[in-house]
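All values below were derived from every heavy atom in this structure, side-chain atoms included, with hydrogens, water molecules and symmetry-related copies excluded.
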Amino acid sequence: MAENGTDCDQRRVGMSKEQHNGNFTDSSLLSERKRRDREERLNIVLWRQPLVTLQYFFLETLINLKEWTIKLWHRRSILVSFLLLLAVLTATYYVEGRHQQYVRYMEKKFFWCAYWVGLGILSSVGLGTGLHTFLLYLGPHIASVTLAAYECNSVDFPEPPYPDQIICPDEEVSGGSISLWAIISKVRLEACMWGAGTAIGELPPYFMARAARLSGAEPDDEEYQEFEEMLEHAQTAQDFASRAKLAVQNLVQKVGFFGILACASIPNPLFDLAGITCGHFLVPFWTFFGATLIGKAVIKMHIQKLFVIITFSKHIVEQMVSLIGAIPSIGPSLQKPFQEYLEAQRIKLHHKSDGGAPQGENWLSWMFEKLVIVMVCYFILSIINSMAQSYAKRLQQKMYSEEKTK
């Protein structure tokens, strides 16, 4: 911090000298122009300027594809090695032999893990907004396993159809009750893979800030610019949001590994700031990623998992349904669809799904499906808008460069 404060003081002294020499544009005018440019970019969205937004989105996509192609060409030795490894794996997959049983098992586990890691990455990296995959996918999956475990008194669901469909085992389990630890163990793999995906999704802010600090170039990221402004005005911060950001920054900078671990282990919307802080102060990669991975994939994931399992345990669900029925006037009408839905799930778990499904199940399923569709569409729209705004920022920066050269 002291070193950063010294750098800031030096910059301010240099700015003052240039102002006296008449070679520096008034900072207030520059700030005002940046504010107007930012407002102009934020107006580039599909529902306001559809044609411009789509045009900028496609142009930004082409630029990114060109940049990725150049990067792959510079790392062609790694690319060739990857293609050779892929060819060996493909041959192993298609050649018949006794190894096929292991190949099928590894294939199933690989795609299952990749599915949840991908959803975790989507939850952290959204190019503007994340897709809340815990609420849409992992949470409902854990809830379904929990409800089925209490109904079947077992977690030994037949595979297949599990995990695509959950049904009770043919053998009746008698005596005792299902333990909380058994349910946790059943969903541990997918939960940890999802947590690992969220940790991977936190890497872009870290690499962006690290690259900006090492290169010494002006950062091309508004969050990083806000972070530097926050450091410069750390002593005068008054509002709660600024103080919260400073608290996260101080915790990460002063405590190091355990500070990052603490921030990653709790639901924390400010964790992007932790990644920027670690990159800016050149925290080693494995210190940052190791603490983030342990915090998100182990500690935080078990906290969230326990919350969902306890919330959807049999007696809690029954109490919640009874409380819904106690609401004056509308309680019984709200309670009926939930009761029918739970009864439909019990029937399906015991192989009795040949009959017509109750109407309550169709209503709740329809609502959840539409919610998923709406959130996925919003996620896609946010990516299009974000990429279009990135291209608009390129044009504005190009204009700045041309003005400086005149």
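Atoms CD1 and OG, from Ile303 and Ser265 in turn, are 6.5 Å apart once rounded to the nearest 0.5 Å. Between the SG atom in Cys263 and the NZ atom in Lys300 there is a gap of 11.5 Å [rounded to 0.5 Å]. Rounding to the nearest 0.5 Å gives a distance of 11.0 Å between CG of Leu395 and OG of Ser390. Rounded to the nearest 0.5 angstrom, Leu180 CG and Ser185 OG are separated by 9.5 Å. Rounding to the nearest 0.5 Å gives a distance of 11.5 Å between OG of Ser123 and OH of Tyr137. The NZ atom of Lys186 lies 10.5 Å from the CG atom of Leu189; values are rounded to the nearest 0.5 Å.
Residues satisfying the side chain to side chain donor-acceptor pair (under 3.5 Å) test with Gln396, not counting sequence neighbours, are Arg41. Residues passing the side-chain contact (heavy atoms from CB on, under 4.5 Å) test with Met106: none are found, sequence neighbours excluded.
Surrounding CZ of Phe207 are more than 12 heavy atoms belonging to other residues, nucleotides or ligands, all under 6.0 Å away. By the neighbour-count criterion of 12 heavy atoms within 6.0 Å, atom CZ of Arg75 is sparsely surrounded, having that number or fewer from other residues, nucleotides or ligands. Counted within 6.0 Å of CH2 on Trp47, heavy atoms from surrounding residues, nucleotides or ligands total more than 12; the atom is thus considered enclosed.
For the pair Lys305 and Trp194, the minimum side-chain heavy-atom distance is 4.5 Å or more. Between Gln165 and Phe157, every side-chain heavy-atom pair lies at or beyond the 4.5 Å cut-off. Taking 4.5 Å as the limit, every side-chain heavy atom of Cys168 sits out of range of all side-chain heavy atoms of Ser154. The shortest side-chain heavy-atom distance between Tyr391 and Ile63 falls under the 4.5 Å cut-off. In this structure, Leu147 and Glu151 have side chains that are not in contact, with every pair of non-hydrogen atoms separated by 4.5 Å or more.
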> Passes side-chain contact (heavy atoms from CB on, under 4.5 Å), Tyr150 versus Val145? Steps please.
Replying inline: CA-CA 9 Å; Tyr150 280 104; Val145 171; over 6 Å; no
> Could you walk me through whether Ile121 and Thr198 pass the side-chain contact (heavy atoms from CB on, under 4.5 Å) check?
Replying inline: CA-CA 5 Å; Ile121 293 174; Thr198 62; over 6 Å; no
>> One pair to check against side-chain contact (heavy atoms from CB on, under 4.5 Å): Leu261 and Ile299. What are the steps and the verdict?
In response: CA-CA 9 Å; Leu261 182 64; Ile299 302 175; 4.0 Å; yes
>> With side-chain contact (heavy atoms from CB on, under 4.5 Å) as the criterion, how do Ile44 and Lys393 come out once you've worked through the C-alpha distance, each side chain's angles and the decisive distance to 0.1 Å?
In response: CA-CA 11 Å; Ile44 302 177; Lys393 190 173 184 178; over 6 Å; no
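Minimum interatomic distance between Gln389 and Val45 (heavy atoms only, all atoms of both residues): NE2-CG1, 3.8 Å. Contact detail for Ala196 and Ala297: the closest heavy-atom pair is N-CB, 3.6 Å. When every heavy atom of Phe134 is checked against every heavy atom of Pro140, the shortest pair comes out as O-CD, 3.6 Å. Of all the heavy atoms in Leu138 and Met301, the pair that sits closest is CD2-CE, 3.7 Å.
Applying the side-chain hydrogen bond (donor to acceptor under 3.5 Å, both in side chains) test to every pair with at least one member in residues 58-72, sequence neighbours left out, gives these pairs: Glu60-Arg394. For residues 96-108, every residue pair satisfying the side-chain hydrogen bond (donor to acceptor under 3.5 Å, both in side chains) rule, not counting sequence neighbours, is listed here: Tyr93-Arg104, Tyr93-Glu107, Gln100-Arg104, Lys108-Glu159.
Between the side chain of Thr146 and the backbone N or O of Ile142, at least one donor-acceptor pair lies under 3.5 Å. Side chain of Ser386 to main chain of Ile383: no donor-acceptor pair is present (N/O by atom type, distance under 3.5 Å, no hydrogens or angles). Side chain of His302 to backbone of Val298: a donor-acceptor contact under 3.5 angstrom is found.
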N/O donor-acceptor pairs under 3.5 Å from side chains in residues 285-295, not counting sequence neighbours:
{"unit_1": "Thr292", "atom_1": "OG1", "unit_2": "Phe288", "atom_2": "O", "d": "2.7"}

Compile the donor-acceptor pairs under 3.5 Å between side chains in residues 84-92 and protein atoms, sequence neighbours left out, one pair per line.
{"unit_1": "Thr90", "atom_1": "OG1", "unit_2": "Leu86", "atom_2": "O", "d": "2.7"}
{"unit_1": "Thr92", "atom_1": "OG1", "unit_2": "Val88", "atom_2": "O", "d": "2.9"}

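Aromatic pair His141/Trp116: centroids less than 6.0 angstrom apart.
Screening Asn43, Thr53, Asn385 for a side-chain hydrogen bond (donor to acceptor under 3.5 Å, both in side chains) with Arg48, the sole residue that qualifies is Asn43.
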